[in-house]
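Written below as structure tokens is the structure these notes are about.
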Amino acid sequence: MSAIDAFKAPSLVSKKTRKEMVQDKDDVVIDSSTLSTQSMQEDVDMDESSSSSVISKPKFAAVSGGEANTVAKGIRRIPIPPHRMTPLKRHWMEIYTPLVEHMKLQVRMNIKSRTVEIRTCKSTEDPSALQKGADYVRAFALGFEVQDAMALLRLDDIYLDSFEIKDVKTLHGDHLARAIGRIAGRDGKTRFTIENASKTRIVLADTKIHILGSFQNIKVARDAICSLILGSPPGKVYASLRTVSARMKERF
């Protein structure tokens, strides 16, 4: 075979195959019934696969009511200062009743360690009952009245804030005594004024100051007390409290 024939051979072969392919295409007859049956079979297969996937999903047992209300076991021990032991004995039933009847907690007084022990039980339903009960007893131990401390059990946005005078300004001797006198006022009038204006409760325990109330109200009372510690006259603090209280009334 010459070089020209070798060069033309592939084209001749390709032409022949193209004719055969055209003839094969012309000979094929498309049957609509076969297409419809194939599509229906595919749909059935897809339905079976989807139904099998639904059946294969895991099934979990429903949670019973008793398991949903379970509260983690816990215990809190609140130390009682010596000067609060007598008031604790006097008001024990008033402190004991809301913790047991409303918060569903178990309470006892450990005389040996001088602590009030609180723990959860099977009847406890509120997960935060233990923390609220501990804050309630701690507030009474710091010097608050039972009715004031009970707000920690009833409301969720009531907090305790404690700080010392030396945290604001380092004072010693007569300067410290005068700062405490400015906070308390004559017959406690300054402290009562701050409490009424800021809607809080304040306890002065030597150089420590404890405030009970909401977050915003605690900030107002703390700012007023800090101004008195730094040496501001009570009259100026009263004026600022009037302005703040008027803003609070307008807001609410």
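Reckoned from all heavy atoms, side chains included, excluding hydrogens, waters and symmetry mates.
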From CD1 (Ile158) to CZ (Arg154), nearest 0.5 Å: 12.0 Å
Closest non-hydrogen atom pair, Glu101 against Lys104: O-NZ, 3.3 Å
Arg119 side-chain N/O to Lys73 backbone N/O, donor-acceptor pair under 3.5 Å: no
Are Thr115 and Ile80 close enough that some pair of their side-chain heavy atoms sits under 4.5 Å apart? no
Minimum heavy-atom distance Pro79-Ala141, with the two atoms named: O-CB, 4.1 Å
Where Val116 and Val107 come nearest, the two heavy atoms and their spacing: CG1-CG1, 3.9 Å
side-chain contact (heavy atoms from CB on, under 4.5 Å) evaluation trace for Arg201 with Arg191: CA-CA 9 Å; Arg201 290 294 179 268; Arg191 179 172 66 90; over 6 Å; no
Between atom NE2 of His91 and atom OG1 of Thr86, what is the distance when rounded to the nearest 0.5 Å? 10.5 Å
The test is side-chain contact (heavy atoms from CB on, under 4.5 Å); show your working for Ser198 and Ile194 and say whether it passes. CA-CA 6 Å; Ser198 60; Ile194 297 174; 4.1 Å; yes
If you define the side chain from C-beta out and look only at heavy atoms, does anything of Leu160 sit under 4.5 Å from Ile218? no
With a 4.5 Å heavy-atom cut-off, do Arg222 and Asp161 have their side chains touching? yes
Given Glu164 and Asp167, is the side-chain contact (heavy atoms from CB on, under 4.5 Å) satisfied, shown in steps? CA-CA 5 Å; Glu164 296 188 23; Asp167 296 336; 3.8 Å; yes
Go through the steps for Arg242 and Val244 under the test side-chain contact (heavy atoms from CB on, under 4.5 Å), then give the verdict. CA-CA 6 Å; Arg242 290 193 197 98; Val244 172; over 6 Å; no
Take a 6.0 Å sphere around NE2 of His175 and say whether it holds more than 12 heavy atoms from other residues, nucleotides or ligands. no
Quick check: does any side chain N or O of Asn110 sit under 3.5 Å from a backbone N or O of Lys112, one acting as donor and the other as acceptor? yes
Ser245 side-chain N/O to Leu241 backbone N/O, donor-acceptor pair under 3.5 Å: yes
Within-4.5 Å side-chain heavy-atom neighbours: Ile209 and Ser162: no
In the structure I gave you, are the side-chain heavy atoms of Glu94 and Gln147 within less than 4.5 Å of one another anywhere? yes
Can you get from Val220 to Val168 by hopping between Ile, Leu, Val, Met, Phe, Trp and Tyr side chains that sit under 4.5 Å apart? yes
If you count heavy atoms of other groups shown closer than 6.0 angstrom to OH of Tyr96, is the number above 12? no
Measuring only between side-chain heavy atoms, which start at C-beta, is Thr170 closer than 4.5 Å to Ile165? no
Please check if Phe163 and Leu142 belong to a single hydrophobic cluster, counting links between Ile, Leu, Val, Met, Phe, Trp and Tyr side chain heavy atoms closer than 4.5 Å. no
State plainly whether one hydrophobic cluster holds both Phe192 and Val203, where clusters connect Ile, Leu, Val, Met, Phe, Trp and Tyr through side-chain heavy atoms under 4.5 angstrom apart. no
Should we say atom CZ of Arg114 is surrounded by more than 12 heavy atoms from elsewhere, each under 6.0 Å from it? no
Closer than 3.5 angstrom, by distance alone: can the side chain of Glu117 be matched with the main-chain N or O of Ile75 as a donor-acceptor pair? no
Give a yes or no on whether Asp157 atom CG has more than 12 heavy-atom contacts from other residues, nucleotides or ligands under 6.0 Å away. yes
With sequence neighbours left out, write down each residue that passes side-chain hydrogen bond (donor to acceptor under 3.5 Å, both in side chains) with Lys132, or none if nothing qualifies. Asp156
Does Thr243 reach the main-chain N or O of Ala239 with its side chain, forming a donor-acceptor pair under 3.5 Å? yes
ILVMFWY cluster, Leu212 and Met150 together (side-chain gap under 4.5 Å): no
Spacing of CD1 belonging to Ile202 relative to OG1 belonging to Thr193, to within rounding of 0.5 Å: 10.0 Å
Check for me, please, whether Ile229 and Tyr238 land in the same ILVMFWY cluster - side-chain distances under 4.5 Å, paths through other members count. no
Taking the side chain as every heavy atom from C-beta outward, state whether Leu153 and His102 have any atom pair closer than 4.5 Å. no
Does any N or O in the side chain of Asn217 come within less than 3.5 Å of the main-chain N or O of Gly213, such that one atom is a donor and the other an acceptor? no
Which distance, rounded to the nearest 0.5 Å, do you find between the CE of Met103 and the OG of Ser123? 13.5 Å
Distance under 6.0 Å and angle within 45° of ring axis: Arg84 vs Phe140: yes
Distance (rounded to the nearest 0.5 Å) between Lys89 NZ and Ile95 CD1: 13.0 Å
Heavy-atom closest pair, residues Tyr159 and Phe215: CD1-N, 4.1 Å
Is a side-chain donor or acceptor of Thr124 paired with a backbone partner of Cys121 at a separation under 3.5 angstrom? yes
Within a reach of under 6.0 Å around CD of Gln106, are more than 12 heavy atoms found that belong to other residues, nucleotides or ligands? yes
Backbone N or O of Ile118 within a donor-acceptor pair of the Arg76 side chain at under 3.5 Å? no
Residue pair Val237 / Ser227: nearest heavy atoms and the distance that separates them: CG2-CB, 4.1 Å
Which heavy-atom pair separates Ala129 from Leu105 by the least distance, and what is that distance? O-CD1, 3.5 Å
Donor-acceptor check, side chain of Asp187 to backbone of Lys189, threshold 3.5 angstrom: yes or no? no
Judged by atom type as modelled, is there a donor-acceptor pair below 3.5 Å linking the side chain of Lys169 to the main-chain atoms of Lys166? no
Working to the nearest 0.5 angstrom, can you tell me the gap between Ile225 CD1 and Ser232 OG? 13.0 Å
Taking the side chain as every heavy atom from C-beta outward, state whether Asp148 and Val146 have any atom pair closer than 4.5 Å. no
